[in-house]
Amino acid sequence: MKSLLKPLLAVLLVALPSAARAGSVTIKGSDTMVILGQRWAEAFMKKNPSIKVQVTGGGSGVGLAALQNGTTDIAMSSREMKKAESDKLRARYKAPPVHRAVAKDGVTFYVHQGNPVGTLTTEQLRGIYVGDVSNWKQVGGADAPIVAYSRENSSGTYVFVKDMVLAGEDFAPAIQTLPGTAAVVNAVSKEKNSLGYGGAAYAEGVKELKVKKGSEEIAPSADNIKSGKYPLARDLFFYLRAEPTGDIKAFIDFALSPEGQAIVTQVGYFPVK
Amino acid sequence: MDRQATMEQGLTQAVAAPRLSTAARRRQLREKAIAGFITLMAFTGIAALLLIIVFVAKEALALFMDAEARHEASLSKMFMAQEGRYPFRWQPVSDTPKVSMIPLFVGTLKITFVSMLVSVPLGVFGALFVAEFAPRRLRELLKPVIELLAGIPSVVLGFFALMVLSPVVKDLFHLDRPLNGTLAGLALALAIVPVIFTVSEDALTAVPRSYREASLALGATLWETAWKVVLPAAAPGILAACVLGFGRAIGETMIVLMASGNADLVSWNLGDSARSMSATIAAEMGEVVVGSTHYSLLFFIGVELFLFTFVLNMVASTWTKKVLRRLTGSAS
């Protein structure tokens with residue numbers, strides 16, 4: 001019976017609005033940022049054993065919704081908050097939401113390792129994903145159909161590519177979508193005519209495309225992403241209901257400290273500072 | 001003897017005979033408690049089903065009640081052709097959301113069609129072989145092995161399709177894309193064959209021995225007996241097996257999500273990618289903004305799926321009755 005009680009108690013504790021409890025911080029949101037958040041939490045709790053940090057995923061939208069209904073202190077988001085979401089928060093808490101950029105992520109386009117194409121412009125990428133370009137021949141490759149993969153429309157990366165590359169247009173119907181960046185990388189590594197995208201941290205067994213801007217070919221390298229030169233880089237955010245205080249502030253300060261930013265690099269993203 | 005008499009009395013005339021021994025009364029109470037408990041269990045199942053329906057329908061209802069949602073996802077936008085480059089699109093995350101259900105219907109039916117095309121003959125004939133022709137040793141090997149296939153988690157089957165089956169299917173059918181409706185249908189068939197097989201096999205073995213003996217005694221061969229006597233006699237059970245398999249196919253999520261490519265195409269070409277209804281719910285529910293139109297839409301897809309299986313079950317049960325009447329027609 002005692003062994004049953006413990007998990008039950010844990011569930012109850014989680015279910016309670018934990019925002020009110022002292023000595024604990026809950027973080028929820030983007031699946032892209034879950035690993036990063038957990039590493040930060042582990043390192044932070046080692047230094048401050050009295051404060052409990054709880055990190056869960058679910059997605060940027062889930063995190064921001066949880067921020068709205070008060071079940072999380074910090075929402076992790078790989079996209080900027082939409083106007084509808086910030087309006088709702090403002091209406092409910094009488095104050096505009098606060099955000100901090102805590103890391104940088106680059107969206108990289110991948111091709112099969114045997115593909116001769118090494119560089120594409122954003123216009124060419126846009127052409128492929130909106131359905132104007134369907135053969136590698138049209139962008140300087142072999143005469144073969146382009147098998148283009150995308151992410152599910154619930155992912156922050158999807159929205160990012162849609163905004164940054166497609167300029168808000170819809171993906172063509174023939175574009176296949178896969179659940180998760182790992183699945184995209186996997187599919188691209190197996191199919192020689194394929195093209196996919198995802199976070200820079202995941203590229204293994206595939207060739208990363210450079211993006212051509214003007215006459216310059218920019219690789220998705222750490223330096224280029226950090227300096228903002230690589231055109232397809234984004235910030236990863238923490239969203240809060242109000243200016244951070246107490247434990248929450250301590251955690252965010254830790255994430256932005258040199259030690260916290262070193263963890264960002266370890267996990268495979270890029271520091272903001 | 002005495003005890004039994006009291007017990008019987010207690011059961012039949014509980015009210016009329018107030019003077020019972022304490023032991024008997026206790027036993028009676030226990031019986032009642034057990035009966036009540038079992039009834040409660042039965043109703044819990046029904047209650048759970050009802051609550052699920054109410055919950056899903058309630059979340060979907062916002063689609064028709066909320067003015068903004070009604071504008072964004074009207075019935076005509078969901079089911080009629082829209083203007084623009086593509087008349088039917090499922091792009092709910094967009095500046096102007098496109099919420100046509102048609103690609104999802106087409107995708108679901110396409111994948112289900114492929115999987116049924118493969119799994120019905122495989123399952124039924126497999127069952128016929130095991131029930132009628134296989135030597136006992138072979139039957140004792142085949143049956144558990146095929147039933148074991150049913151125990152494989154669908155996510156594992158999906159991963160298997162994605163990693164192992166996709167290049168094979170692509171080369172075999174000379175397709176452009178490794179992930180497509182055919183692959184999803186074939187992978188799905190792996191999950192459905194055991195369902196159809198098991199239920200059909202049970203139906204076939206339940207056919208009375210006397211039928212077979214009579215047929216053989218009249219000079220029919222083994223094959224004639226199996227095909228013309230046993231199979232028709234087991235037809236209702238086999239139909240039920242197929243309906244069960246169909247229901248599983250239409251609702252199966254993980255295999256389809258991983259193997260179909262999930263492109264919202266409206267194409268009956270089996271080599272093209274397909275997006276199914278269940279996979280759409282699974283893929284998008286995770287990050288959707290709670291309470292938004294998109295959220296209600298996903299629940300609405302759930303309602304549609306529920307209606308699909310409900311109607312299918314109704315049609316199948318009336319059809320089964322019809323077939324049964326035809327088979328036993330002259331007799332009744």
Side-chain angles (χ1 to χ4, degrees), chain A residues 29-32 57-66 68-69 77-79 81-82 84-85 88 130-132 134 144-156 158-159 162-163 166-180 183 186-194, chain B residues 68 84-98 100 103 107 155 158-159 162-164 166-167 170 175-180 253-254 256-267 272-275 279-295 298:
Chain A
S30 167
D31 283 326
T32 315
S60 303
V62 171
L64 293 172
Q68 195 187 312
N69 60 30
S77 178
S78 60
R79 59 170 166 85
M81 196 182 253
K82 294 210 182 87
E85 287 166 328
K88 270 185 193 162
V130 300
D132 295 332
S134 58
I146 299 175
V147 180
Y149 292 113
S150 172
R151 286 287 310 282
E152 279 304 337
N153 59 35
S154 52
S155 101
Y158 168 97
V159 175
K162 189 171 178 132
D163 292 345
L166 272 64
E169 271 191 69
D170 284 330
F171 285 85
I175 305 299
Q176 308 198 344
T177 66
L178 291 173
N186 224 317
V188 171
S189 69
K190 290 186 86 89
E191 164 57 39
K192 68 178 192 298
N193 298 321
S194 57
Chain B
E68 197 185 323
R85 191 167 164 187
Y86 307 105
F88 302 106
R89 288 306 312 273
W90 174 259
Q91 293 270 300
V93 181
S94 177
D95 293 339
T96 48
K98 292 155 195 78
S100 177
V155 66
F159 194 65
L162 185 70
M163 301 300 290
V164 183
S166 69
K170 184 186 173 226
L175 301 170
D176 281 345
R177 293 158 204 288
L179 302 181
N180 52 59
T253 307
M254 278 321 286
V256 179
L257 183 63
M258 292 174 92
S260 68
N262 301 313
D264 55 329
L265 286 166
V266 182
S267 145
D272 275 338
S273 179
R275 188 177 185 87
T280 301
I281 299 178
E284 297 175 11
M285 194 56 89
E287 300 222 7
V288 73
V289 180
V290 176
S292 64
T293 308
H294 187 187
Y295 177 81
L298 293 181

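Since we're looking at a predicted model, the values are computed, not measured. Order of the sequence lines sets the chain letters (A, B, ...), proteins ahead of strands, with each chain counted from 1. Hydrogens, waters and symmetry mates are skipped; everything else that's a heavy atom, side chains included, is used.
By the 4.5 Å heavy-atom criterion applied to side chains, B/Lys170 and A/Lys190 are not counted as neighbours.
Contact of A/Phe171 with chain B is made through backbone and side chain together, with heavy-atom distances under 4.5 Å. In this structure, chain B has heavy atoms under 4.5 Å from both the backbone and the side chain of A/Asp170. For chain B, the nearby parts of A/Ala172 are the backbone and the side chain; heavy atoms of each come within less than 4.5 Å. Contact of A/Ile146 with chain B is made through the backbone alone, with heavy-atom distances under 4.5 Å. In this structure, chain B has heavy atoms under 4.5 Å from both the backbone and the side chain of A/Gln176.
Judged as a side chain to side chain contact (heavy atoms under 4.5 Å, CB included), and not counting sequence neighbours, the contacts of B/Val164 are B/Phe160.
When all heavy atoms of A/Lys88 and A/Gln68 are compared, the closest pair comes out as CD-NE2, 3.3 Å. In terms of heavy atoms, A/Leu64 sits closest to A/Ser77 at CD1-OG, 4.0 Å. The two atoms that bring B/Pro178 and A/Val147 nearest to each other are CD-CG1, 4.1 Å, heavy atoms only.
Ranking B/Met163, B/His294, B/Lys98 against chain A, the residue ahead of the rest is B/Met163, based on heavy-atom pairs under 4.5 Å. Ranked by heavy-atom pairs shorter than 4.5 Å toward chain A, the options B/Asp176, B/Leu257, B/Leu179 are led by B/Leu179.
Judged by distance alone, the side chains of B/Glu284 and A/Asn153 do bring a donor and an acceptor atom under 3.5 Å apart.
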